[in-house]
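The structure appears right after this line, and notes come after that.
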Amino acid sequence: MLKIENYIGGELTAPISEKYLDNFNPAVGEVYSLIPDSDERDVEFAVEAAGKAFPIWSKMSAETRHDYLMRIVRLIERDLDLLAEAESVDNGKPKSLAKAVDIPRAVSNFKFYATAAMHFSSEAHETVGQAINYTLRQPLGVVGCISPWNLPLYLFTWKIAPALAAGCCVVAKPSEITPMTAYLLSKLCIEAGLPEGVLNIVHGLGAKAGSAIVAHKNVKAISFTGGTKTGQDIARIAAPMFKKLSLELGGKNPNIIFADCNYEEMLKTTVLSSFSNQGQICLCGSRIFVERPLYERFKTDFVERVSQLKIGDPLESETNVGAVVSKSHLEKVLSYVDLAREENGKILLGGKIAKLEGRCKHGYFIEPTIIENLAFDCRTNQEEIFGAVVSIQPFDTETEVLRYANSTEYGLSATVWTENLSRAHRVAEKLESGIIWINCWLLRDLRTPFGGMKQSGVGREGGFEALKFFTEEKNVCIKIN
Ligand code: NDP
């Protein structure tokens, strides 16, 4: 069986413990590879390797770093199909989705930051008649990047690309549940000739390998994407050490549909924003609020459209809904359907395990689920489910829907559907979310600030913000006379 290896100091290495964890293919419900059960000793080696690489990498010109990163880009592009298939097998997502979204986005992440570093500049402040101040932005050193399982290579590269482009050396840990494409990336880095120690990938459990990265005294910053509870655990360790922290956490995003919207566009997009990647995208809109005059029409059409989605083998091209990432996640999602029933929810569609035939008969599949009749403040509507479960609810006024939308402790993203421009601005201004989409969803421009407010996170990724995060600012004040 394939054994995934760590990537430390430019080489593929076994974990020092010589222990491995099972890696499942969720579509068939079987172990198909083994992953290093790394611990603090592997992390120690990785931090050491990164520390050795830092003086040279940080002093290279942005253009030379750009050239290295672009070599990786070309190799990812060459292996697009292979990487998409690996992502699909590891995660359960449709291969077509990985090929259209996940892997191209990994390419874009590297391209974007390889070039952004060459356009990065700093400020100068003139204290008239007295002095000129300029801001030096110097790469932090060794940094830690920890990413989740839902968009494995997409989010992994979203962190490591700006860190490397800014001149930092990285110790990264992908989710233990979906390690495969990070492993394949490490092989591509070797092929691209990335200098040893610049990027180190340590596989293993969050509580062991992940927390060792967070707690290491020589790791200057942690860029983390994952659950809110894990974010709290990380902050508890990192904050007293005064590490820089970027935390991209959970969400419970509202999708607000006004009666004057472009109906067809809204319906098509709402199917995607609810159920893409089996609802396992932090930006999925899981609470759908519909203005009352449109409610019954929307309900009928939405249930009809969603019932047409094909649940199937993720490797088949016509599959729309693949497998849930793991058995335990499947159980968690189903437990929320039970909770919704207890909270008087009416299941309009789905709510059950989907049974497949053939090679996927033991896989982890759930029917896309639509629930109505839930109070806006019940647990089902307040807690992150992170699966193919949405609730729908009518509203009468803007004030009322804003109260519903802003009622959770999360504040990641929101979608608003209306043709009324003034209302769009007004509602966007009042929504407590870091990202607002008007008449669209998941339309991304990598220059924009990305992140959440409230318990959805601290800090923003994207654009020059991410490059700034991985640098230390130093003000140099020069007296003129
Ligand atoms: P987790 O928080 O469980 O894990 C995220 C990563 O952190 C994994 O690599 C995990 O390793 C690691 N980890 C776990 N515990 C620790 C620890 N104590 N110290 C250091 N690292 C640790 O999240 P999931 O992987 O379950 O991802 C789903 C969550 O991610 C959802 O809440 C979702 O909303 C959020 N998310 C947020 C996004 C955003 O941009 N705001 C984007 C995508 C997802 P291991 O896998 O081994 O446990």
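Every number for a ligand or one of its atoms is a count from 1 in the order of the listing.
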### Phe289 ring center near Tyr404 ring center (under 6.0 Å)
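Yes, the ring centres sit under 6.0 Å apart.
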### Query
Is Lys244 close enough and on-axis enough to Phe469, meaning under 6.0 Å and within 45°, for cation-pi?
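Yes, cation above the ring, under 6.0 Å and within 45°.
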#### Entry: Heavy-atom nearest neighbour of atom 14 (C) of ligand 1 within options Ile385, Leu412, Thr228, Thr230
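Going through Ile385, Leu412, Thr228, Thr230 one by one, Thr230 has the nearest heavy atom to atom 14 (C) of ligand 1.
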### Query
So which of Gly206, Gly210, Gly226, Ala215 gets nearest to atom 17 (C) of ligand 1, if we judge by its closest heavy atom?
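Checking each option, the heavy atom nearest atom 17 (C) of ligand 1 is found in Gly206.
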### Qualifying residue, where the test is side chain to side chain contact (heavy atoms under 4.5 Å, CB included) with Ile76 and the options are Val73, Ile72, Leu80
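Between Ile76 and the candidates, side chain to side chain contact (heavy atoms under 4.5 Å, CB included) is satisfied uniquely by Ile72.
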### Task
Scan Asn253, Asn255, Thr269 and name whichever one has a side chain to side chain contact (heavy atoms under 4.5 Å, CB included) with Trp441.
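Checked Asn253, Asn255, Thr269 against Trp441; only one passes side chain to side chain contact (heavy atoms under 4.5 Å, CB included): Thr269.
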#### Entry: Which of the ligand 1 atoms, numbered from 1, are nearer than 4.0 Å to a heavy atom of Cys282
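By the 4.0 Å cutoff, the relevant atoms are 34 (O), 36 (N), 37 (C), 38 (C), 39 (C), 40 (O), 42 (C), 43 (C), 44 (C).
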### Task
Taking only heavy atoms of Trp149 into account, list the atoms of ligand 1 that are under 4.0 Å away from them.
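With Trp149 as reference, the close atoms of ligand 1 come out as 24 (P), 25 (O), 26 (O), 27 (O).
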### Query
Less than 4.0 Å between atom 4 (O) of ligand 1 and some protein heavy atom, yes or no?
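No; the ligand atom in question lacks any protein heavy-atom contact below 4.0 Å.
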### Task
Would you check whether Gly231 reaches within less than 4.0 Å of ligand 1, judged by its heavy atoms?
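No, that is not the case, since the closest heavy atom of the residue is not under 4.0 Å from the ligand.
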### Task
Examine the proximity of ligand 1 to Ala209 and report which part, side chain or backbone, both or neither, has a heavy atom under 4.0 Å away.
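Within the 4.0 Å criterion, Ala209 makes no contact with ligand 1.
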### Query
What residues form a side chain to side chain donor-acceptor pair (under 3.5 Å) with Ser391, not counting sequence neighbours?
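Here the qualifying residues are Asn381.
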